[in-house]
Amino acid sequence: MTRYLTQRLIAFIPTLIGISILVFAAIRLIPGDQITAQLGTEAGMLSTEQRAALEAYYGLDQPPIQQYFVWLGDALQGNFGFSIRHGSAVLPLIMKHFPITLELAFMAIVIALSIGIPIGILSAIRHNSLIDLFGRMFSMLGLAVPNFLLGTLIIYVLSVYFGILPNSGNYTSFTEDPWLNIQQLIFPAITMGFSFSASVMRMTRSAMLEVMNEDYVRTARSKGLRERVVIRRHALRNALIPVVTLIGVEFGYLLGGAFITEQIFSLPGIGRLAVNAITQREYALVQGVTLFIAINFVIVNLAVDLIYAAIDPRISYASHE
Amino acid sequence: MNKATSLSQPIKQLERGPLREFLRNFRHNLSGMVGVTLVGLFVLISVAGLLKLTPFPILEQHPLDRLKAPGEIPAYILGTDQFGRDVASNLMKGGANSLQVATLSVLIATLAGTFVGAIAGYLGGNPDTVLMRLMDILFAFPSLLLALLIVTIRGPGLENTILAIAIVYTPIFARVARGPVLSLKETEFVTAARCIGAPETRILLRHVLPNMLAPLIVQVSLALSWALITEAGLSFLGLGTQPPEPSWGLMLSSNRGLAEIAPWLIMYPGLAIMLGVLGFNLLGDGLRDVLDPRMRGRQ
């Protein structure tokens, strides 16, 4: 286990370095120089000396490799630059918006699991029945409805039939008013959790189907255990292992992938921060948020691999790689 | 490894036509057939949109017929939007745009990804490690974020949307291609080809590539459905297809505010996206069932 852990951690470092190079280079690839990008039309009024002074100030007169190391050094110390529009440093901005996305992702996962797992189990133990057919139709539909469509439909139904507008724009944090906070987040969470519940359902179903044919399930049955006990204690426990992986991967996606849902429901999460930064050409912010999300994603995936290895005794660490 | 059954078949049987056998099996696959039907409809409507065979000229405004509900004026089958443009015509051209982005981006991703994956798997060693690590780095970004980043650098528009989606899905194809190549290069027929002195390129193209088509075809179908969603999502955020060019995602987002008075403006684009994605998903599932019997009924 220790060796496996070390191997994974060592493989993790080049990925991080690669991500940082990519994020750094991406912003440098933007057509036009940064000064013009930041100042817009006003850049035309700069004299050559003023421009040179600004370039020296931002370190833009240095060779790219040196610029990268300066940027990386700053980033490692938590300095991701400054957002002019928000009038704040980038890192505190990210930290301010991140908890909303985190809470949203957490709620979406809870919703997805409480829908997906029961339907998946039912579909598997009533394999090829009417229930199974409905379950599979549900999962097919869930995967085909993109979140921007579901979100739009939810808002439409709520406003037309119930007279509620969930996207009032005044976000209330959980600590201020937990009840109001949950009311504001529940519909975006459903929007994000719905298609994930379809993946959970598919994964639970196929894992259950596979496990139900295993020897240990037959043994459990033949020693006279009740079907309920066989399913809960012997089949389900093993079938849920791949579901755990799926949750982890999806959690990583949700943490960085709530761009559209947050936009539709006007929630000030990190996805909305990123989209606004992109449309307003706030490059330092784009860089910071992208790096933050990508690193998050890699860490979550690493954690999932480790959890997976820990809960599945069949994985032998020695033979890995 | 997964092609073991077909590899051990006598050559004669293979010559009788794997295609015909595939078609026979596929015809009995319900999800595959539903998928083919939906995709076929999608392609038909899109091609008609591309050839301008629409009920009204695309983007033509009819100021007197604004926000007509479907059927209110029989000529507008699916109603009109706030500029009096025919929804059905816009949907057809929007479908053509979406399909164009999806097919071109998946084509690029398939070629690039298969190339990288096959080279990595075939060469092994250091090239393998470096190439796949590069793919892992691209994989470390959530797909929409990576697409957004690329569109930010290159600016919104049709070509850049295609490029963005292609880059996002290249690592997936690299992974899909690498696995079979790893096992195929150890097979006897590859060794035999090498023994008679066939050049490496020929071995790769003539002996390895045809044998890994099955997983690739399945992946292409599924990738098309993701590409449709990504294109619609980018357009929804205003970073994909640019107005006035119609797009399903754009129609959804620009008409969100009108949903209460003109629900058809979001219903039909929504339905179109859903059926398109559903079609490619079902087609992919059906293809997997037929091409890879081990997966049958599992997913």
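Computed from a predicted model, the values in this text were never measured in an experiment. Chain letters run A, B, ... following the sequence lines, proteins first, then strands; residues in each count from 1.
Interface summary for chain B: among A:Pro14, A:Ala274, A:Gly18, the most heavy-atom pairs under 4.5 angstrom belong to A:Gly18. For chain B, the option among A:Thr290, A:Val289, A:Val145 with the highest count of heavy-atom pairs below 4.5 Å is A:Thr290. Your options are B:Val151, B:Leu278, B:Ile150, and the one with the most heavy-atom pairs under 4.5 Å with chain A is B:Leu278.
Residue pairs meeting the side-chain hydrogen bond (donor to acceptor under 3.5 Å, both in side chains) criterion with at least one partner in residues 293-303 of chain A, sequence neighbours excluded, do not occur; the list is empty. The stretch residues 219-261 of chain B participates, sequence neighbours left out, in these ring-ring contact (aromatic ring centres under 6.0 Å, His included) pairs: A:Phe148-B:Phe236, B:Phe42-B:Trp248, B:Tyr169-B:Trp226.
Contacts of B:Ser143 with chain A are made by both backbone and side-chain atoms, with heavy-atom separations under 4.5 Å. Neither the backbone nor the side chain of B:Leu134 comes within less than 4.5 Å of any heavy atom in chain A. With a 4.5 Å cut-off on non-hydrogen atoms, B:Phe280 does not touch chain A at all.
Residues B:Leu144 and A:Ile260 form a side-chain contact, since some pair of their non-hydrogen atoms from C-beta on lies under 4.5 Å apart. Between B:Leu145 and A:Phe259 there is a side-chain heavy-atom pair separated by less than 4.5 Å.
Here the closest heavy-atom approach between residue A:Pro146 and residue B:Ile229 is recorded as CB-CG2, 4.1 Å. In terms of heavy atoms, B:Arg256 sits closest to A:Ile264 at NH1-CA, 3.6 Å. When all heavy atoms of A:Thr152 and B:Leu252 are compared, the closest pair comes out as CG2-CD2, 4.3 Å.
Here the CZ atom belonging to B:Phe141 is positioned 9.0 Å from the CD1 atom belonging to A:Ile295, to the nearest 0.5 angstrom. Between atom OG of residue B:Ser253 and atom CD of residue A:Gln263 there is a gap of 10.0 Å, rounded to the nearest 0.5 Å. Put simply, OG1 on A:Thr15 and CG on B:Leu138 are 11.5 Å apart, with the number rounded to the nearest 0.5 Å.
The local environment of CZ in A:Phe12 is crowded, with over 12 non-hydrogen atoms from other residues, nucleotides or ligands closer than 6.0 Å.
Looking at residues two or more places apart in sequence or on another chain, you find a ring-ring contact (aromatic ring centres under 6.0 Å, His included) between B:Phe26 and B:Phe22.
Classification of B:Asp285 and A:Arg202 as a salt-bridged pair holds, one side-chain N sitting under 4.0 Å from a carboxylate O.
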Requested in this report: Show the numbers, then the answer: is there a side-chain contact (heavy atoms from CB on, under 4.5 Å) between A:Leu22 and B:Leu149?
Outcome: CA-CA 10 Å; A:Leu22 195 73; B:Leu149 193 65; 5.6 Å; no
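Contacts from residues 267-277 of chain B to chain A, taken as heavy-atom pairs separated by less than 4.5 Å, involve B:Met267, B:Gly270, B:Ile273, B:Met274, B:Val277 in sequence order.
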